Asker: 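Got a structure for you, questions after.
Worth saying up front: this structure is predicted, and the values here are computed from it rather than measured.
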Amino acid sequence: MVVQLKTTNDTPLTTDNKQQSSSNNSTITLIISALYISAFAICGTLFRVLIGTLFGSYCEDPTQNAIKHLFDYSNKSSFNGICLTSAQSALFVDLPANMVGSLLMGMLQSGLVLGLANSNNVPIAWLPIGHRFQGMDAIHLAFRTGFCGSITTFSSWNTQMVTLLTSGTQGSAAQAIFGYIIGLELALASYTIGKHIAILGHRYLNPLHAREADIMVNNNSSTMTPEHAHHFVYHRDLPDFERHYLTNVFYKEEVEQLKEDIPMLMEELEKWKKSTQDHRNLSCNVRGDLSNIERCLLVEEDEPNDLMLNVAQQAGWDVDALRRYAHGKNSSKECNDSSISLDDKSCRSDFSSSSPIADADHAVFAAIVLLVTCGLLISSALLTEGHKYTSQNYQTFCISGLFAVPGALMRWRLSKLNGKLQGKYQWLPVGTFIANVTASLISISVTVVLDQFSNDLPYWGVISLVAVKTGLAGSLSTVSSFVAEIDQLLKSFPMHIWGYIYATGTIFLACILCVTIYAPVI
């Protein structure tokens, strides 16, 4: 049977149509995410090439690098690069890029990943809770998957270590092993520092949440009772302002300022707090009913049921005061005139409940950004051909950005496989594992072709192959997500050593497979 629903304009809407509308919205969201990931992947890949050239590649061949045409356009600049990395040492060319991308990935983690118990629903921890950017889920995904994932590259790192390992020079094997170790450790350290920066930013920009977290952490100290800290478990669903006030997070002078700014509302909330004060301790058997009443009126904006009201009447709770506060909160002139925000969720809701029309406009904007970016890269590669300041590497630099798009999109879709294995290997991020190993095989295969046949290939054939290696394989693989997953798996240590198995297993398998391909033809 098809159930008839009514929309705001009295147009009948069947459940079938509703499901179709939901499916369309999901498709639009998927398209928006793909477009933004593509654009951010291009930026990440180009940034990776520039960082690698700046720190090492420029020094090895100053006349044939893309960065020369950006920093030394007139050939009169004294710019000589930084010369810290090399393709023939353990300090591989993409090491700085992997560190930067891992640092940014750590900074972009959510409150849940960072373990912020009182702010686990915050998408970007270091931003203010009510910041508009908190609701831009597509941009969050694009930054993490597109930008950070493409700045870092597992395939290029592995390829450089494999070529070093099989070079046959004295000490090359030790250099390669050290390159694997230092590459992993520095990426993990950068990711950890990024998380710490995010936590410090969260505490600085959200001082009440930081104060609340300190109360929860120090609940066994002489000044904080377990009952006080346990309040937060029962008030987790409440809006931040009410939770902080009812659990005494505000300082006394802050409470006085609130009573001056919004006296009528604070009077009602204070009545409710005083009438329920004796029933907020841990041992009270009606504490759950108290929490449910607050959730109904302050979160769900609904009336408590008769059973809840009976409990409240017997306990002497002033439900009318809380009801008056809830009803007056959104309409009171005091709220509008006050400098204190009573609800930090208003900005986030603008994005979480966007309309299909807004989503369509968003998709058009993302498509325009991507098309303009691709157009600039193609024109830069083609229109500058033959100019004296143009090198093959500069054109490769532009084309690599275009090849980054399919690489990042494939990695994004493969990430959906993470945690999908059944049984004892369910913990394995199999999608990222497949992406990194596959990209490593592509990268080393292209390296073999270029080493053996580069003189026989046409001009644009060489450019395309190098772009596949740098852009496609480089963006298909990732170090930022790799170390983020390792960090997450290490939280189960010492009960499980999943993090060590995943890290060493990925590196060992990629190395062995690539050595098998590369060693016979060198």
Side-chain angles (χ1 to χ4, degrees), residues 23 25-48 97-98 101-102 104-110 112-113 123-124 136-157 187 191 351 359 362-363 365-367 369-371 373-374 377 400-421 428-443 467-488 502 506 510:
S23 177
N25 291 342
S26 177
T27 301
I28 293 176
T29 301
L30 192 68
I31 293 173
I32 292 173
S33 299
L35 291 171
Y36 274 121
I37 288 174
S38 300
F40 278 67
I42 292 173
C43 297
T45 298
L46 299 183
F47 190 58
R48 165 165 42 92
N98 285 352
S102 298
L104 293 176
M105 178 66 89
M107 293 176 60
L108 291 170
Q109 294 305 308
S110 65
L112 179 62
V113 173
I124 303 295
M136 300 181 181
D137 295 337
I139 304 298
H140 302 164
L141 180 65
F143 263 115
R144 295 182 184 123
T145 303
F147 190 67
C148 294
S150 297
I151 288 180
T152 62
T153 173
F154 182 90
S155 63
S156 296
W157 168 28
Y191 176 75
F351 293 90
D359 282 341
H362 203 180
F365 174 77
V369 170
L370 179 60
L371 289 175
T373 304
C374 292
L377 290 176
S400 295
L402 298 177
F403 276 96
V405 173
L409 292 178
M410 284 190 288
R411 171 165 47 83
W412 171 46
R413 300 313 297 170
L414 282 171
S415 68
K416 304 297 182 183
L417 299 176
N418 290 343
K420 293 299 179 64
L421 289 180
L428 179 65
V430 64
T432 306
F433 177 79
I434 292 173
N436 280 339
V437 174
T438 302
S440 298
L441 294 175
I442 294 173
S443 179
V468 167
K469 177 181 176 181
T470 304
L472 177 64
S475 292
L476 174 58
S477 65
T478 177
V479 170
S480 57
S481 297
F482 180 54
V483 296
E485 291 160 355
I486 293 172
D487 180 80
Q488 198 68 21
Y502 176 51
T506 302

Asker: If you look only at distance, which donor and acceptor atoms sit under 3.5 Å apart when one is on a side chain in residues 402-415 and the other is two or more places apart or in another chain?
Answerer:
unit_1, atom_1, unit_2, atom_2, d
Arg411, NE, Ser475, O, 2.7
Arg411, NH1, Thr145, O, 2.9
Arg411, NH2, Thr145, O, 3.1
Arg411, NH2, Ser475, O, 2.9
Ser415, OG, Trp412, O, 2.4

Asker: Looking at Gly101, is its backbone amide N or carbonyl O close enough to the side chain of Arg48 to form a donor-acceptor pair, meaning the two atoms are under 3.5 Å apart?
Answerer: no

Asker: Hey, could you give me the OG1/CG distance between Thr29 and Leu141, rounded to the nearest 0.5 Å?
Answerer: 11.5 Å

Asker: To the nearest 0.5 Å, what is the distance between OG on Ser481 and CE on Met105?
Answerer: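 Separation between the atoms: 3.5 Å.
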
Asker: Rounded to the nearest 0.5 Å, what separates atom OG in Ser150 from atom CD1 in Ile37?
Answerer: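 Interatomic distance, Ser150 OG to Ile37 CD1, rounded to 0.5 Å: 9.5 Å.
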
Asker: One pair to check against side chain to side chain contact (heavy atoms under 4.5 Å, CB included): Leu370 and Ile42. What are the steps and the verdict?
Answerer: CA-CA 9 Å; Leu370 179 60; Ile42 292 173; 4.0 Å; yes

Asker: Could you tell me which residues satisfy ring-ring contact (aromatic ring centres under 6.0 Å, His included) with Phe143, sequence neighbours excluded, listed by chain and number?
Answerer: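 In terms of ring-ring contact (aromatic ring centres under 6.0 Å, His included), with neighbours along the sequence ignored, Phe143 is linked to Phe40.
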
Asker: If the condition is side-chain contact (heavy atoms from CB on, under 4.5 Å), which residues does Ala439 pass it with, not counting sequence neighbours?
Answerer: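 side-chain contact (heavy atoms from CB on, under 4.5 Å) check on Ala439 returns Ser155, Ala473, Leu476, Ser477.
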
Asker: With a 4.5 Å cut-off on side-chain heavy atoms, are Ser38 and Leu35 touching?
Answerer: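 When only atoms from C-beta onward are counted, Ser38 and Leu35 do not touch, as no gap falls below 4.5 Å.
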
Asker: Work out which heavy atom in Ala138 is nearest to a heavy atom in Ile32; give both atom names and the distance.
Answerer: CB-CG2, 3.9 Å

Asker: Report the residues that fulfil side chain to side chain donor-acceptor pair (under 3.5 Å) with Glu485, sequence neighbours left out, ordered by chain and then residue number.
Answerer: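 Once residues adjacent in sequence are excluded, the partners of Glu485 under the side chain to side chain donor-acceptor pair (under 3.5 Å) criterion are Asn418, Thr432, Tyr502.
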
Asker: When you look at His140 and Leu108, which way does the side chain to side chain contact (heavy atoms under 4.5 Å, CB included) test go after all the steps?
Answerer: CA-CA 8 Å; His140 302 164; Leu108 291 170; over 6 Å; no

Asker: Can you sort out the partners of Phe433 under ring-ring contact (aromatic ring centres under 6.0 Å, His included), two or more places apart, ordered by chain and number?
Answerer: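 Partners of Phe433 by the ring-ring contact (aromatic ring centres under 6.0 Å, His included) criterion come out as none, since no residue qualifies.
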
Asker: Work out which heavy atom in Thr506 is nearest to a heavy atom in Asn436; give both atom names and the distance.
Answerer: CG2-CB, 4.3 Å

Asker: Looking at every heavy atom in both Thr470 and Ser400, which two are closest together, and how far apart are they?
Answerer: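 Smallest heavy-atom distance, with atoms named: CB-OG, 3.6 Å.
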
Asker: Would you name the heavy atoms of Val483 and Ser102 that are closest together and state the gap between them?
Answerer: CG2-OG, 3.8 Å

Asker: Just how far is it from atom CZ of Phe147 to atom OG1 of Thr152, taken to the nearest 0.5 Å?
Answerer: 10.5 Å

Asker: Show your reasoning for whether side chain to side chain contact (heavy atoms under 4.5 Å, CB included) applies to Leu30 and Ser33.
Answerer: CA-CA 5 Å; Leu30 192 68; Ser33 299; 5.6 Å; no

Asker: Using the test ring-ring contact (aromatic ring centres under 6.0 Å, His included), find all partners of Tyr191 that sit at least two apart in sequence or belong to another chain.
Answerer: none

Asker: Are any of the side-chain heavy atoms of Ser480 and Leu104 separated by less than 4.5 Å?
Answerer: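 No; the side chains remain at least 4.5 Å from each other.
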
Asker: List the atom of Arg144, the atom of Gln109, and the distance in Å for their closest heavy-atom pair.
Answerer: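 Smallest interatomic distance, heavy atoms only, reads NH2-C, 4.2 Å.
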
